[in-house]
Amino acid sequence: MYTSLCVVDVSDGRFVLREKLAAISLEDLQSGTGATLHRDGDVGDLVVPELGELCRVVYIWRGAATC
């Protein structure tokens, strides 16, 4: 799952944190989440793409889009 704050995988019924914004602590992220977040190794920094890059990804994924 991709959110504006983090990337989480669902694995064996657990929510595994893969990436998060560097500006938010794990504690703050967990406090705003209804499910327990687990870590399997290092948690990477979530890099938010620029709007132009995001539009290009959507265009490729959907086959047609305008930004």
Side-chain angles (χ1 to χ4, degrees):
M1 295 179 283
Y2 293 86
T3 74
S4 59
L5 300 176
C6 64
V7 175
V8 175
D9 285 342
V10 179
S11 177
D12 296 324
R14 300 180 326 143
F15 295 96
V16 181
L17 184 62
R18 299 295 180 201
E19 298 178 6
K20 68 173 191 62
L21 288 178
I24 188 169
S25 71
L26 180 58
E27 294 77 20
D28 286 342
L29 185 60
Q30 182 60 75
S31 71
T33 305
T36 301
L37 297 173
H38 299 273
R39 291 184 288 170
D40 288 343
D42 292 334
V43 175
D45 288 338
L46 177 61
V47 178
V48 179
E50 296 291 323
L51 182 57
E53 179 63 21
L54 184 57
C55 287
R56 199 167 23 260
V57 169
V58 168
Y59 181 81
I60 293 168
W61 178 64
R62 295 182 91 186
T66 58
C67 290

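We number each residue from 1, following the sequence as shown.
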Peer 1: Does some side-chain heavy atom of Leu26 sit less than 4.5 Å from a side-chain heavy atom of Val43?
Peer 2: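 Side-chain contact under 4.5 Å: no.
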Peer 1: Atom OG1 of Thr3 and atom NZ of Lys20: how far apart are they, to the nearest 0.5 Å?
Peer 2: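 If we round to the nearest 0.5 Å, Thr3:OG1 and Lys20:NZ are 12.0 Å apart.
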Peer 1: Quick one: does Glu19's side chain have a donor or acceptor within less than 3.5 Å of a partner on Val8's backbone?
Peer 2: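 Answer holds: no.
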Peer 1: If you take all heavy atoms of Asp45 and Ala22, which pair is closest and at what distance?
Peer 2: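 Closest heavy-atom pair between Asp45 and Ala22: OD1-CB, 3.8 Å.
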Peer 1: Nearest 0.5 Å, please: how far is CG in Leu17 from CG in Leu46?
Peer 2: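 Leu46 CG to Leu17 CG: 9.5 Å, rounded to 0.5 Å.
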Peer 1: For the atom pair CG (Asp40) and CZ (Arg14), what is the distance rounded to the nearest 0.5 Å?
Peer 2: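 The CZ atom of Arg14 is 4.5 Å from CG of Asp40, to the nearest 0.5 Å.
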Peer 1: In Å and rounded to the nearest 0.5 Å, what is the SG to CZ distance from Cys6 to Arg18?
Peer 2: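 Separation between the atoms: 12.0 Å.
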Peer 1: To the nearest 0.5 Å, how far apart are CG in Leu5 and CD1 in Ile24?
Peer 2: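 It is 5.0 Å, given to the nearest 0.5 Å.
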